[in-house]
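Read the structure below first, then the notes.
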Amino acid sequence: MKDKLLYLGVLVPILIVALLLNIYKVEPFESFSLRYNDINFDLQTKNPSKDVVFVAVDEPSVNEFGRWPWNREIIAKGIDGLRDADVVLMDMIFSEPTSEEQDLVLAESLSGLNSSVCGFFLREKSTQKVTDEALEILGDSSLDLLQSQISEFNNPLFVSAPFAEMNILPILESCSLSGSFSTLSESDHLLRSYPIAVYFKNILYPSLAIQGLRLKFNKDIKRVDESHVEINERLVGLNDQGFIRLNFYNPKLYNIVSFLDVATKKIKPEYFKGKIVILGITEVGAGDVVSTPMGSLPGPLLHYTFISNLLENHLIKEPKNITPALIVLMVLLPFILVLLFKKILHRVVINIIIYLIVYAYIRYLFVTDMIYIDLFYPLISLVVSLVSVEAIAFTLQEQSGKFMRGAFSSYLSGDLLDKLIENPEALALGGESKELSILFSDIRGFTTISESMDPVSLITLLNRYFTPMTNAVLDNGGMLDKYIGDAVMAFFNAPVDIKDHADASCTTALQMIEKLDVLNEELALENINPIRIGIGINTADVVVGNMGSDTRFNYTVIGDGVNLASRVEGLTKNYGVNILITEFTVAKISDKFIHREIEPVKVKGKDEAVLLYELMPNSDKSRDIKKLYDVALTTYKRGDFKEAELLFGYLVEDYDDNPSKYFLPHIKDEQLWGVHKMTTK
């Protein structure tokens with residue numbers, strides 16, 4: 001629980017900061033976000049509307065008619081070729097008078113169009129004095145309906161400026177209506193959005209494209225709610241400044257014709273019938289070039305893009321709550337995965353895969369349904385959260401690893417300890433039922449040994465004894481449970497699973513005897529009496545786990561199977577053998593071990609008999625003894641006491657065999673082989 005609170009204590013601030021960055025568009029994150037999501041426009045393959053044409057004052061036109069600005073009669077000649085167009089948008093401004101004759105010719109050409117929209121610029125500084133008469137004419141172009149609805153809504157707060165640059169009065173009067181050229185770039189200086197309307201002199205005016213659409217459809221623009229307006233039954237989503245995000249097309253797909261071809265009638269006027277025409281300049285040094293996600297584009301293509309978006313129903317939709325929801329998901333995702341998966345590689349890969357799935361699906365939504373969802377803030381949320389969570393997980397694992405290495409390094413081998421550190425939940429307070437092989441060993445006659453030695457020498461001897469015994473346990477993957485005086489208790493297959501744990505326990509027992517023989521050789525040189533031990537092994541389902549309190553516990557095993565192993569160890573002295581194993585262990589071990597049947601025994605406190613076996617060293621001598629012993633025991637079992645006595649006698653005489661010594665008195669008394677009930681522990 002404390003670990004989870006630690007994670008949440010770090011993740012909650014990350015979540016709050018990520019949400020605030022997304023809401024307030026803090027730099028430089030917002031610029032990164034805009035660039036990151038610009039790939040949307042490269043992925044889509046939509047085409048702009050065929051009902052829009054951009055007539056460009058381009059290089060061939062300038063080569064033909066000279067450098068811009070031209071004589072206004074030339075411009076009028078080109079405009080005359082657009083008489084069949086539904087609406088002509090003038091993305092150029094005539095703010096200074098020339099000769100009265102030229103100005104009149106241009107004004108008459110504009111008046112001869114079906115509908116025309118002249119443009120004006122909003123400016124922060126005054127470049128032209130706007131007369132009252134001009135303001136009165138401009139007022140006819142205002143969005144009275146939309147402005148009247150503003151009091152009902154708090155947003156958007158349309159942009160405004162105190163000054164404007166406008167067409168001269170004759171041109172202004174000749175246009176059907178006027179619209180604003182003004183727009184704003186994003187924080188990274190790229191243009192991605194288009195304004196619906198702007199304020200000038202506290203009056204709301206439409207942009208050039210909006211005015212053209214009003215004339216095209218003969219319908220006004222009206223409010224739907226704080227973030228939407230409606231044009232010809234098309235819903236247009238707005239940001240807080242009254243801008244809509246443009247859905248850009250491949251620049252090669254825009255329908256652009258040369259002004260020269262229009263003025264020379266190479267393109268007939270009928271070509272423009274029913275179309276919206278934008279007249280603008282692309283010639284270098286004279287035209288308006290803007291930076292966009294698709295690169296540098298002529299400014300008139302912004303109007304073209306918005307009009308096509310609306311006509312072709314390519315308007316971008318921006319759900320407000322999806323990005324915050326994704327931020328929450330991406331912040332919590334590493335935390336959820338750290339609870340579900342143990343390996344850091346698995347967690348990192350799954351985090352990446354989930355983000356890529358979300359990424360692909362969100363991009364798919366844009367391509368198919370024009371749904372724009374910001375994926376940058378969810379990405380940085382995931383990265384920061386992932387780094388933080390994994391740093392915490394690493395720290396906690398290091399702390400846990402240090403604790404477990406300190407607590408278990410003396411009880412487990414290095415390999416098993418590493419596995420345990422990878423799976424620390426095995427040490428949670430509580431237990432589980434599991435099949436283990438339990439080993440007990442004890443020194444024979446330890447009381448006599450202890451009485452003959454001073455305490456310091458006794459402890460030294462025990463340490464010399466315990467070291468090889470413990471190493472045998474650890475080398476075979478066992479868990480050293482405890483030292484009980486001179487006894488050793490160990491078990492196999494916990495806390496880490498061990499394949500063939502019964503084999504491991506038997507191998508350990510045999511190695512303990514071998515190591516004891518080496519130790520006894522050393523003790524003999526020091527005139528110290530040899531040590532003799534007995535080992536008992538049982539395989540059973542027992543309860544294993546941490547027993548104790550939250551603050552102090554012991555990882556151990558309990559159950560009848562443990563008690564039986566202890567009792568079996570005590571019986572080794574009855575039969576004069578080093579190692580006894582139960583029938584349950586025999587059932588689990590492989591054929592590589594040599595073992596012989598002793599007899600079924602009812603240990604104290606148990607009603608059911610358990611068949612005991614001696615585990616013998618892997619040697620030719622053991623095989624010879626076992627071969628003759630099996631014949632002798634079979635003879636004894638069928639009640640042939642005379643033959644059995646003879647055979648067991650051979651074993652005693654030739655091999656000094658202790659189990660045979662045990663059976664001979666029973667045979668002489670003609671006691672049948674069977675269950676032997678033990679009355680002592």
Side-chain angles (χ1 to χ4, degrees), residues 408 410-413 416 434-444 446 462 465-517 519 531-544 554-575 577-590 592-595 598 601 603 610-618 681:
F408 287 88
S410 298
Y411 305 100
L412 285 173
S413 66
L416 289 183
K434 191 174 186 181
E435 183 184 82
L436 306 180
S437 292
I438 304 99
L439 179 151
F440 278 87
S441 73
D442 192 20
I443 297 178
R444 296 284 167 258
F446 179 71
L462 282 176
Y465 162 73
F466 282 137
T467 298
M469 301 301 104
T470 301
N471 290 339
V473 172
L474 301 185
D475 290 345
N476 290 285
M479 164 77 182
L480 180 66
D481 187 294
K482 59 177 71 75
Y483 301 119
I484 311 171
D486 61 311
V488 174
M489 175 182 173
F491 51 86
F492 299 78
N493 204 35
V496 181
D497 291 345
I498 300 175
K499 186 179 180 182
D500 301 326
H501 54 86
D503 279 15
S505 65
C506 291
T507 300
T508 299
L510 293 171
Q511 288 182 2
M512 291 172 79
I513 299 300
E514 291 174 0
K515 291 176 182 290
L516 182 62
D517 290 340
L519 176 61
I531 296 173
R532 297 287 178 254
I533 66 172
I535 301 173
I537 299 175
N538 180 43
T539 300
D541 288 331
V542 294
V543 176
V544 58
N554 180 38
Y555 191 81
T556 188
V557 290
I558 58 174
D560 289 342
V562 179
N563 297 332
L564 179 58
S566 177
R567 301 287 190 275
V568 170
E569 177 273 317
L571 293 176
T572 55
K573 58 180 175 287
N574 289 39
Y575 303 106
V577 297
N578 292 323
I579 307 170
L580 281 178
I581 60 178
T582 67
E583 59 182 289
F584 310 113
T585 300
V586 170
K588 296 290 183 178
I589 61 176
S590 61
K592 66 181 181 180
F593 295 100
I594 301 174
H595 52 83
I598 302 297
V601 174
V603 299
V610 178
L611 185 57
L612 300 182
Y613 292 79
E614 180 195 5
L615 181 65
M616 307 173 71
N618 191 355
K681 292 185 178 180

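Bear in mind the structure is a predicted one, so any value in this text is a computation, not a measurement. We're numbering straight along the sequence, starting at 1.
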Atom pair [atom1]/[atom2] of [X] and [Y] - distance to nearest 0.5 Å:
X	Y	atom1	atom2	answer
D497	L436	CG	CG	9.5 Å
L615	I579	CG	CD1	4.5 Å
T508	I513	OG1	CD1	11.5 Å
L439	F491	CG	CZ	11.5 Å
M469	I443	CE	CD1	9.0 Å
F584	I589	CZ	CD1	14.0 Å

Checking the side chain of [X] only, and the main-chain atoms of [Y] only, is there a donor and an acceptor separated by less than 3.5 Å?
X	Y	answer
D486	F446	no
T585	T539	yes
D503	S590	yes

So, for [X] and [Y], which heavy atoms are closest and what is the spacing to 0.1 Å?
X	Y	value
N618	K592	ND2-O, 3.9 Å
S437	A502	OG-CA, 3.3 Å
Y465	S441	OH-OG, 3.8 Å
A487	F466	O-CE2, 4.1 Å
V473	A490	CG1-CB, 3.7 Å
K515	P468	CD-O, 3.2 Å

| message | Run N493 and K434 through side chain to side chain contact (heavy atoms under 4.5 Å, CB included) and show every step you take. | response | CA-CA 8 Å; N493 204 35; K434 191 174 186 181; 3.7 Å; yes
Do [X] and [Y] have side-chain heavy atoms sitting under 4.5 Å apart?
X	Y	value
F440	N538	no
F593	L510	yes
V586	I581	yes
N578	M512	no

| Does T572 have any side-chain contact (heavy atoms from CB on, under 4.5 Å) partners at least two apart in sequence or in another chain, and if so, which? | R444, V577, L580
| said: Going by side-chain contact (heavy atoms from CB on, under 4.5 Å), name the residues that satisfy it together with I558, two or more places apart in sequence or in a different chain. | reply: V543, M547
| field | R567 and its side chain to side chain contact (heavy atoms under 4.5 Å, CB included) partner, picked from V562, V603, T582, V601 | value | V603
| said: Can you pull out every salt bridge (charged side-chain N to carboxylate O under 4.0 Å, His left out) where at least one residue sits in residues 532-541? Sequence neighbours excluded, please. | reply: none
| request: Take T470 and V488 through the test side chain to side chain contact (heavy atoms under 4.5 Å, CB included) and record every step on the way to the result. | output: CA-CA 8 Å; T470 301; V488 174; 5.7 Å; no
| said: Whether the D475 and Q511 side chains hold a donor-acceptor pair (N or O, under 3.5 Å, no angle test) is what I'd like checked. | reply: no
| task | Would you please name every residue forming a side-chain hydrogen bond (donor to acceptor under 3.5 Å, both in side chains) with Y575, sequence neighbours left out? | result | E599
| Results of salt bridge (charged side-chain N to carboxylate O under 4.0 Å, His left out) for K588 - residues two or more places apart only | E435
| request: Would you please name every residue forming a ring pair (Phe, Tyr, Trp, His ring centres under 6.0 Å) with Y613, sequence neighbours left out? | output: H595
